[in-house]
Colleague: 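Have a look at the structure that comes next, please.
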Amino acid sequence: MVLSNNDACVIARSAEAKKLGIKMGDPFFKMRALFEQHKIVTFSSNYALYADMSTRVMTVLEEMSPAVEIYSIDEAFMNLQGVSNCKDLEEFGREVRAKVLQWTGLTVGVGIAPTKTLAKLANYSAKKWTKTGGVVDLSLAGRQRKLMALVEVGEVWGVGRRISKKLNDMGIKTALQLADTPTPLIRKHFNIVLERTVRELRGEPCLELEEFAPTKQQIVCSRSFGDRVSEYDLMREAICSHAVRAAEKLRGEHQYCRHISAFIKTSPFAVNEVYYGKTAGTKLQIPTQDTRDIVAAATKCLDAIWQDGHSFQKCGVMLGDFYSQGVAQLGLFDEYQPRSNSEQLMAVLDGINHSGKGRVWFAGQGVQKSWEMKRQMLSPAYTTRFSELMRVKL
DNA sequence: TCTGGGGTCCTAGGACCC
DNA sequence: TCTGGGGTCCTAGGACCC
């Protein structure tokens, strides 16, 4: 099993763990006994490893199809237009699976269909029914309907807990029933998003393949603390560190931001204390990508919401209102002194930090970082750190 | 003792513009 | 006595995704 950050919740389970009734999102501490009893092996999240393996898998997919949309760290959509002229699609699916397995050692499921929503459904069934061999082709309408009749409506992509409940109350229990619901009725009780889902289930494409990731609208850096934080100085270090990371991400996107906010919160689960959670935001005169501006704004926001006497569980920094250049229309009477060499300084900073030879940081980030998250069962960075390469004995 | 992190889209309502 | 028509932008809240 794999745990979320801070070794807090279950986020990935093997088939054996699922059989024991362990659910996605279950808090780890509540189940220690069960874990020990069944000798379940657990790992802290290791995103450096997952991201690297993800890139390898995506590279294989990109080699096999002219257009690939990387949808998440472990999912992608491939455009198979034209492939069906050359070969059977199910056979193609098996080739994808075999090549990914051979080149990365990872097992993937393949779902094939005329729309993204149906392809997700095909993928779901490829995973659920092992006798499919991990590949399901839903090109034919007859097969689509046969499968949809077996699938609960809540399994459909875009149908979450709330909508699922509302649909059930209306008597719509299966994916097929949803597909057969007239769109005006859907529009009356829901919105355009669900209407698209319904149309997609009928085989009418409403969602395009997004080959190139659109530019971000928001950047969030936040973490729960390993131990609760009640001192201002520690909180300031954490806010400062998140601000620094957020600024790095912003420059990675080649963007400038005007809106910066910070939030702090106590645990929503603590029973014997009053919940305290607040956000403060600020808008700069000129868009920036300079860590110094972002740190200054974030700490100013923190000062506006800080309160002594709480045991804080989490904090974060958010960036928004992006521009592709660091310019904006000033007011006629605004006085503004631009920083000189800001871009160059940030480029040097990022250059050093990406070089692998060392890091420079801002004093405000602190040194001890006693507030950092827990990762007590971390797997080695097998593929991204020489000292942790896997050793094989011959 | 202990409950993740990072995103998107849509809608409604209010403020404001000409 | 009577008070239009057509827009934009912003924000908050609700839903969803992995």
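Every chain is numbered from 1 and lettered A, B, ... according to where its sequence line falls, protein lines coming before strand lines.
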Colleague: If a pair satisfies salt bridge (Lys or Arg N to Asp or Glu O under 4.0 Å) and one of its residues is in residues 22-48 of chain A, list it, with sequence neighbours excluded.
Modeller: none
Colleague: Does CZ in A:Arg145 sit with more than 12 non-hydrogen atoms of other residues, nucleotides or ligands closer than 6.0 Å?
Modeller: no
Colleague: For the atom pair CG (A:Asn5) and OG (A:Ser45), what is the distance rounded to the nearest 0.5 Å?
Modeller: 5.5 Å
Colleague: Taking salt bridge (Lys or Arg N to Asp or Glu O under 4.0 Å) as the test, write out the residues that go with A:Asp321, two or more places apart.
Modeller: A:Lys283
Colleague: Search all heavy atoms of A:Gln289 against all heavy atoms of A:Arg251 and return the closest pair with its distance.
Modeller: O-NH1, 2.9 Å
Colleague: How about A:Lys369: does its NZ atom have over 12 heavy atoms from other parts shown lying under 6.0 Å from it?
Modeller: yes
Colleague: Identify, with sequence neighbours excluded, every residue that meets salt bridge (Lys or Arg N to Asp or Glu O under 4.0 Å) alongside A:Arg196.
Modeller: none
Colleague: Report the residues that fulfil salt bridge (Lys or Arg N to Asp or Glu O under 4.0 Å) with A:Glu273, sequence neighbours left out, ordered by chain and then residue number.
Modeller: none
Colleague: Mark yes when over 12 heavy atoms from residues, nucleotides or ligands other than A:Gln37 sit less than 6.0 Å from its CD; otherwise mark no.
Modeller: yes
Colleague: What parts of residues 11-36 of chain A reach DNA chain C, counting only heavy atoms under 4.0 Å away?
Modeller: none
Colleague: Both conditions, 6.0 Å and 45 degrees, for the charged tip of A:Lys87 above the ring of A:Phe92: are they met here?
Modeller: no
Colleague: Using atom types as modelled and distance alone, determine if a side-chain donor or acceptor of A:Ser54 lies under 3.5 Å from a backbone N or O of A:Ile73.
Modeller: yes
Colleague: Taking any heavy-atom pair under 4.0 Å as a contact, classify A:Lys120: base, sugar-phosphate, or nothing.
Modeller: sugar-phosphate
Colleague: What salt bridge (Lys or Arg N to Asp or Glu O under 4.0 Å) pairs are there with at least one residue in residues 213-236 of chain A, not counting sequence neighbours?
Modeller: A:Asp227-A:Lys374
Colleague: Hey, where on DNA chain B does chain A first and last touch, going 5' to 3'? Cut-off is any atom under 4.0 Å from a heavy atom.
Modeller: B:dC2 to B:dT11
Colleague: Looking at OG1 of A:Thr291 and CD of A:Gln365, how far apart are the two atoms once the value is rounded to the nearest 0.5 Å?
Modeller: 8.5 Å
Colleague: Please work out which residues in residues 207-218 of chain A have a non-hydrogen atom less than 4.0 Å from an atom of DNA chain B and list them by number.
Modeller: A:Lys216, A:Gln217, A:Gln218
Colleague: Within the supplied structure, the quantity of interest is the number of heavy atoms (other residues, nucleotides, ligands) at a distance under 6.0 Å from A:Gln81 CD; does it exceed 12?
Modeller: no
Colleague: Mind checking if A:Asn5 touches a base, just sugar-phosphate, or nothing, with heavy atoms under 4.0 Å?
Modeller: sugar-phosphate
Colleague: Which residues in residues 180-203 of chain A have at least one heavy atom lying under 4.0 Å from any atom of DNA chain B?
Modeller: A:Asn191, A:Ile192, A:Val193, A:Arg196
Colleague: Is a donor from one side chain sitting under 3.5 angstrom from an acceptor on the other, for A:Ser44 and A:Asn46?
Modeller: no
Colleague: Only Watson-Crick and G-U wobble pairs, only distances under 3.5 Å, only runs of 3 or more: what stems does that leave for DNA chain B?
Modeller: B:5-18 with C:5-18
Colleague: Taking atom CD as the centre, does A:Glu152 end up with more than 12 heavy-atom neighbours from other residues, nucleotides or ligands that are less than 6.0 angstrom away?
Modeller: no
Colleague: Strictly under 6.0 Å, is that where the ring centroids of A:Phe312 and A:Trp306 end up?
Modeller: yes
Colleague: Could you work out, with salt bridge (Lys or Arg N to Asp or Glu O under 4.0 Å) as the rule, every residue matching A:Glu388, not counting sequence neighbours?
Modeller: A:Arg385
Colleague: For a quick check of understanding: with a heavy-atom distance under 4.0 Å over all strands, which category does A:Ile73 fall into, base, sugar-phosphate or nothing?
Modeller: nothing
Colleague: Go through residues 219-240 of chain A and report each residue with a non-hydrogen atom lying under 4.0 Å from DNA chain B, sorted by number.
Modeller: A:Ile219, A:Val220, A:Cys221, A:Ser222, A:Arg223, A:Ser224, A:Arg228
